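When reading the values below, keep in mind they use all heavy atoms of this one structure, side chains included, and skip hydrogens, waters and symmetry mates. By convention in this document, chain letters (A, B, ...) are assigned in the order of the sequence lines, proteins followed by strands, and residues within each chain are numbered from 1. Remember, it's a predicted structure, so these values are computed and weren't measured experimentally.
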2 protein chains.
Amino acid sequence: MTEEEYLAAYDPRAFPAVAVTVDVVALTIRDGALHVLLVRRGGPPFEGAWALPGGFVQPDEDLRAAAARELLEETGVTTLGRFHLEQLASYGAPDRDPRMRVVSVAHLAFAPDLPDPAAGSDAREAAWVPVDALGLPDAAGSRDRPVRQRPGTSRRLAFDHARILADGLERARGKLEYTPLATRFTGPEFTIAELRAVYEAVWGDSLHAGNFHRKVLSVPGFVESTGATTERGGTRGGPRSKLYRAGDARLLHPALLRPSREEAVR
Amino acid sequence: MTEEEYLAAYDPRAFPAVAVTVDVVALTIRDGALHVLLVRRGGPPFEGAWALPGGFVQPDEDLRAAAARELLEETGVTTLGRFHLEQLASYGAPDRDPRMRVVSVAHLAFAPDLPDPAAGSDAREAAWVPVDALGLPDAAGSRDRPVRQRPGTSRRLAFDHARILADGLERARGKLEYTPLATRFTGPEFTIAELRAVYEAVWGDSLHAGNFHRKVLSVPGFVESTGATTERGGTRGGPRSKLYRAGDARLLHPALLRPSREEAVR
DNA sequence: TCCAGTTGTACTCAATCTGAGTAGATCTCG
DNA sequence: CGAGATCTACTCAGATTGAGTACAACTGGA
């Protein structure tokens, strides 16, 4: 290795020609449903298809910075602010892009509910799309098998983006178990019910309200009370609820485990 | 993005010049201690320093295949066999290699105890090195902060490999909690005590033998009995123990949680 | 050969955690 | 104003956990 590397330093064309891109799986919750940020491709290949936002890593740009740039460009937001952004995985199958060898470093982002991206800001059309509308299989499945969208699904994703999205969803589901990142989907202050709605949307499962309440309050550093309550009760009645903000924990201990993982175990 | 991509397809030099490599954090357990596979660099930069095995991804090679190739080359083993190999993360800070922009897709491997790599097989010197001898900080820490090895540590790792190793160790510790991959560190048949030794080596913590025993046997699909027992008792006495092999579970449910994560929580 | 010390395995027991259900007060909507 | 929904706090039985006890089987050294 070292020999090659050293020589190659003097002749960059000795390296296999590879392009490095970042793609971003940006998730948010709207109307109680999980949405992902997609852009419509304006040129071939996959012209007209929806794809994850992404692009080339610039010469002096960190991978994370490149992902942040793509995320902010496409959401129309100026700072990372309350976003959560982490690296997801890299995808580099030789044939994943028909034009040339492209290795994509995928990232995963959690965002609070945002206004629709300003359509005029870019030639591309960007939109928050309900994840359910994309017809992904329920479980992410083996990392090596391709992810097929359900037949009849209106929006087919370009490249291997269905696989990347599936991996991102599975990672998101896991992250909610042992980190307090669910709070990144809400505003700075939230009710326990809002937090529960986040878990239900991401996990696709309804949770026992009482047990969830008890559990969230019992995990040290998950949430802290603001002392205030909502101005009004819920849309369909019920008392005003107390408001909380994110605590200082970086890991939930003990974790909130999602129900019924038995199926996926074998 | 799509515009640029399309144009660039006809002029590969429009892409920023980036090299893509794989690096492998290969772990095994020897004499009850966690070891990592390292190679000594034969040329600049970091000449003479130890580094993770790795190298360039070949033009038609999958990322995983490249990692497998490097792993097998350096261990002197011919097939992946009972290895576990997964992608860890990608590292692409613009200055991480002084020669040019290099994005490395790091992988994590678990191996059973292997003979020392045949020294003559390659110009490079490869060795299994006890992780403790590398003086890494106990916790992986924030992903963005550099990992500094303890002063006075004899083997300084090249590039950002200390950070990659630290991330690999943290991932390995977590994986043992909720997957049955500890069995990849043992031979095909093993005793519960051997399995416990794996956990203790990776977690750096001693475990209650009785509780560990109960827990392992109670998790469905973790291990299955072979019916046989060891030929002899332990080296320092004790009865012969029953032999087990890996079961068919891919996830442990419920998980084996490592003790005292409280500290790392905030 | 025997003994001291170690180990594998199986218990017990109290403390904790979990899922499920109940209950009451509070609020919205019609 | 009444029906229905929701937030929050309880209760309770069952499961899980950490810690300790018990004992037979085994090794190495005396």
Side-chain angles (χ1 to χ4, degrees), chain A residues 32 176-178 186 189-200 203 205-220 222-244 252-262 265, chain B residues 32 176-178 186 189-200 203 205-220 222-245 251-262 265:
Chain A
L176 291 207
E177 292 192 310
Y178 60 93
T186 70
E189 300 195 353
F190 50 86
T191 67
I192 302 294
E194 282 170 355
L195 197 60
R196 177 160 49 83
V198 171
Y199 276 89
E200 291 178 332
W203 285 350
D205 227 333
S206 66
L207 302 173
H208 181 119
N211 289 343
F212 182 85
H213 202 105
R214 172 181 62 186
K215 183 82 195 215
V216 166
L217 294 185
S218 76
V219 175
F222 190 1
V223 300
E224 55 187 38
S225 175
T226 68
T229 67
T230 52
E231 290 293 321
R232 303 185 33 111
T235 49
R236 282 184 290 184
R240 301 175 186 184
S241 39
K242 299 180 186 169
L243 286 168
Y244 298 84
L252 302 185
H253 190 79
L256 280 90
L257 299 178
R258 46 191 147 149
S260 69
R261 299 194 57 174
E262 324 276 341
V265 164
Chain B
L176 291 207
E177 292 192 309
Y178 60 95
T186 70
E189 301 195 350
F190 50 86
T191 66
I192 301 294
E194 281 170 356
L195 197 60
R196 179 160 48 84
V198 171
Y199 276 89
E200 292 178 331
W203 286 351
D205 227 331
S206 66
L207 301 174
H208 181 119
N211 290 343
F212 182 85
H213 203 104
R214 172 182 62 185
K215 182 82 196 216
V216 166
L217 295 186
S218 76
V219 175
F222 190 2
V223 300
E224 55 187 38
S225 175
T226 68
T229 67
T230 51
E231 290 293 320
R232 304 185 32 114
T235 49
R236 283 184 290 185
R240 300 176 186 180
S241 40
K242 299 179 184 170
L243 284 169
Y244 298 84
R245 61 177 151 259
L251 289 169
L252 303 185
H253 190 80
L256 280 88
L257 299 178
R258 46 192 145 148
S260 70
R261 297 193 60 175
E262 324 276 343
V265 163

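Between B:R236 and C:dA4 there is no side-chain N or O to OP1 or OP2 distance below 4.0 Å. The phosphate of D:dT8 (OP1 or OP2) has a side-chain N or O of A:H213 nearer than 4.0 angstrom. OP1 or OP2 of D:dA25 has not a single side-chain nitrogen or oxygen of B:R240 nearer than 4.0 Å. At D:dT17, one or more side-chain N or O atoms of B:K215 fall inside 4.0 Å of OP1 or OP2 (strictly under the cut-off). Here B:K242 reaches the OP1 or OP2 of C:dA10: one of its side-chain N or O atoms lies under 4.0 Å away.
Across the interface with DNA chain C, nearest-nucleotide mapping of B:N211 and B:A193 shows B:A193 to be the residue nearer the 5′ end. Both A:R214 and A:G237 sit near DNA chain C, but only A:R214 has its closest nucleotide nearer the 5' end. Of the residues near DNA chain D, B:G233 and A:G234, the one whose nearest nucleotide (by heavy atom distance) lies more toward the 5' end is A:G234.
For B:R232, taking side-chain heavy atoms from C-beta onward, the closest of the listed nucleotides C:dT7, C:dT28, D:dG28 is D:dG28.
Between the CD atom of A:E231 and the P atom of C:dC27 there is a distance of 12 Å, rounded to whole Å. Put simply, CG on A:L207 is 10 Å from P on C:dG19, counting in whole angstrom units. Going from atom CZ of A:F212 over to atom P of C:dC17 covers 18 Å, rounded to whole Å. Atom C1' of nucleotide C:dC17 and atom CG of A:L217 are separated by 16 Å, given to the nearest angstrom. For the pair A:H208 NE2 and C:dA23 C1', the computed distance is 12 Å after rounding to whole Å.
In this structure, B:T191 contributes its side chain and B:E194 its backbone to a donor-acceptor pair below 3.5 Å. At least one donor-acceptor pair under 3.5 Å links the side chain of B:K215 to the backbone N or O of B:A255.
Residue A:S218 is classed as having no contact, given no heavy-atom separation below 4.0 Å to the nucleic acid. Among the heavy atoms of the strands lying under 4.0 Å from B:T235 are primed sugar atoms or P, OP1, OP2 only; no base atom is included. Across all strands shown, B:G238 has heavy atoms under 4.0 Å from base atoms, whether or not it also approaches the sugar-phosphate.
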